[in-house]
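Keep in mind that the numbers below use all heavy atoms, side chains included, and drop hydrogens, waters and symmetry copies.
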Amino acid sequence: MAFVDLLGENHSSLIAEIINRIDEKTTKKLEDESSVYQELLNKKNEITDQYPFISKLFDNDELEKENYSKEDMLALQQYIEYSRIIDDYERLEIYKLGLHDCMLMLKQIDIF
């Protein structure tokens, strides 16, 4: 029996689809259940609405100016901080999902 590396290049489209589904599931759950997560998303969106250069920066679009004000940089700093906290929430939710699945598997094989 040959070993199949699901994380290898040959199966990258399959694994990408699975990862996308997991991401969608966790973000949907957080949006539905966590008011703190929702608030962070709203604040992050408010910043990008007020400072459109931030979206352009992360979308790799052409920036309008070469120099930005201190206020612009503070907004960028806040945006990055909100993004980091949001990412932490999402990562924790993925870990909890994995732990849940692991516990189910252990129960199925009668170890737990």
Side-chain angles (χ1 to χ4, degrees):
M1 180 185 289
F3 172 73
V4 177
D5 183 8
L6 292 176
L7 299 177
E9 285 185 33
N10 296 340
H11 301 352
S12 61
S13 62
L14 172 67
I15 202 70
E17 187 177 320
I18 292 169
I19 290 171
N20 285 338
R21 284 219 240 86
I22 291 170
D23 282 346
E24 288 172 13
K25 182 178 181 177
T26 55
T27 54
K28 174 82 171 109
K29 181 177 181 183
L30 284 167
E31 287 171 1
D32 292 345
E33 298 177 6
S34 174
S35 60
V36 175
Y37 181 82
Q38 292 169 356
E39 185 178 331
L40 289 166
L41 282 177
N42 289 337
K43 287 180 180 180
K44 183 179 163 185
N45 290 335
E46 286 173 13
I47 291 173
T48 55
D49 289 344
Q50 189 174 357
Y51 299 92
F53 83 92
I54 293 174
S55 295
K56 289 182 178 190
L57 178 68
F58 285 98
D59 292 341
N60 228 7
D61 289 343
E62 186 80 22
L63 294 175
E64 293 137 12
K65 307 188 277 188
E66 286 190 26
N67 297 313
Y68 289 88
S69 69
K70 182 176 182 176
E71 180 183 335
D72 292 337
M73 292 298 100
L74 289 173
L76 177 60
Q77 180 183 13
Q78 193 65 54
Y79 175 89
I80 292 170
E81 182 64 17
Y82 288 142
S83 295
R84 187 191 61 75
I85 296 169
I86 288 168
D87 187 56
D88 288 347
Y89 269 90
E90 292 169 354
R91 195 171 322 122
L92 178 60
E93 199 60 38
I94 290 171
Y95 291 152
K96 287 176 9 186
L97 180 64
L99 178 61
H100 175 264
D101 291 348
C102 181
M103 297 306 281
L104 284 177
M105 193 182 302
L106 289 173
K107 190 163 182 80
Q108 282 181 339
I109 59 175
D110 220 14
I111 292 179
F112 183 70

Q. When rounded to the nearest 0.5 angstrom, what is the spacing between NZ in Lys56 and OH in Tyr51?
A. 16.0 Å

Q.
With a 4.0 Å cut-off on N to O distance, would you call Arg21 and Glu24 a salt bridge?
A. no

**Q.** Under 3.5 Å donor-acceptor, Asp87 side chain and Ser83 backbone
**A.** no

Q. Which pair of non-hydrogen atoms, one from Leu76 and one from Phe53, has the smallest distance, and what is that distance?
A. CB-CZ, 4.5 Å

Q.
Quick check on Met105: does its CE atom have over 12 non-hydrogen neighbours (other residues, nucleotides or ligands) under 6.0 Å away?
A. no

Q. Mind checking whether Ile80 and Ile54 sit in one hydrophobic cluster, side chains of I, L, V, M, F, W, Y counted as touching below 4.5 Å?
A. yes

Q) Within a reach of under 6.0 Å around NZ of Lys65, are more than 12 heavy atoms found that belong to other residues, nucleotides or ligands? A) yes

(Q) Which heavy atom of Ser55 sits nearest to which heavy atom of Thr48, and what is that distance? (A) OG-CB, 3.6 Å

Can I get a per-line list of side-chain donor-acceptor pairs under 3.5 Å for residues 93-103, giving both atom names and the distance, sequence neighbours left out?
| from | atom 1 | to | atom 2 | distance (Å) |
| --- | --- | --- | --- | --- |
| Glu93 | OE1 | Lys96 | NZ | 3.3 |
| Glu93 | OE2 | Lys29 | NZ | 3.2 |

Q) In the single-linkage hydrophobic clustering (I, L, V, M, F, W, Y; side-chain heavy atoms under 4.5 Å), do Leu92 and Ile86 co-cluster? A) no

Q) To the nearest 0.5 Å, what is the distance between NZ (Lys44) and CD (Glu46)? A) 13.0 Å

(Q) Going by the rule side chain to side chain contact (heavy atoms under 4.5 Å, CB included), which residues pair with Asp49 if we only count those two or more places apart in sequence or in a different chain? (A) none

Q: Evaluate the ring planes of Tyr79 and Phe58, with Trp represented by its six-membered ring, and classify them as parallel (under 30°), tilted (30 to 60°) or perpendicular (over 60°).
A: tilted

Q: Would you check if the side chain of Asn45 reaches a backbone N or O of Leu41 as a donor-acceptor pair within less than 3.5 Å?
A: yes

Q. Roughly how far, to the nearest 0.5 Å, is CZ of Arg91 from CG of Asp23?
A. 11.5 Å

Q. Does Asp88 reach the side chain of Arg84, with side-chain heavy atoms less than 4.5 Å apart?
A. yes

(Q) Given 3.5 Å as the limit, does a donor-acceptor pair link the side chain of Asp72 with the main chain of Ser69, or not? (A) yes

Q: Might you point out which heavy atoms bring Tyr68 and Leu63 nearest each other, and give the distance in Å?
A: OH-CB, 3.5 Å

Q: Decide yes or no for Leu30 and Glu90: does some side-chain heavy atom of the first lie under 4.5 Å from some side-chain heavy atom of the second?
A: yes

Q. Closest heavy-atom contact between Leu40 and Tyr82?
A. CD2-CD2, 3.6 Å

Q.
Grouping I, L, V, M, F, W and Y whenever their side-chain heavy atoms are under 4.5 Å apart, do Tyr89 and Ile19 come out in a common cluster?
A. no

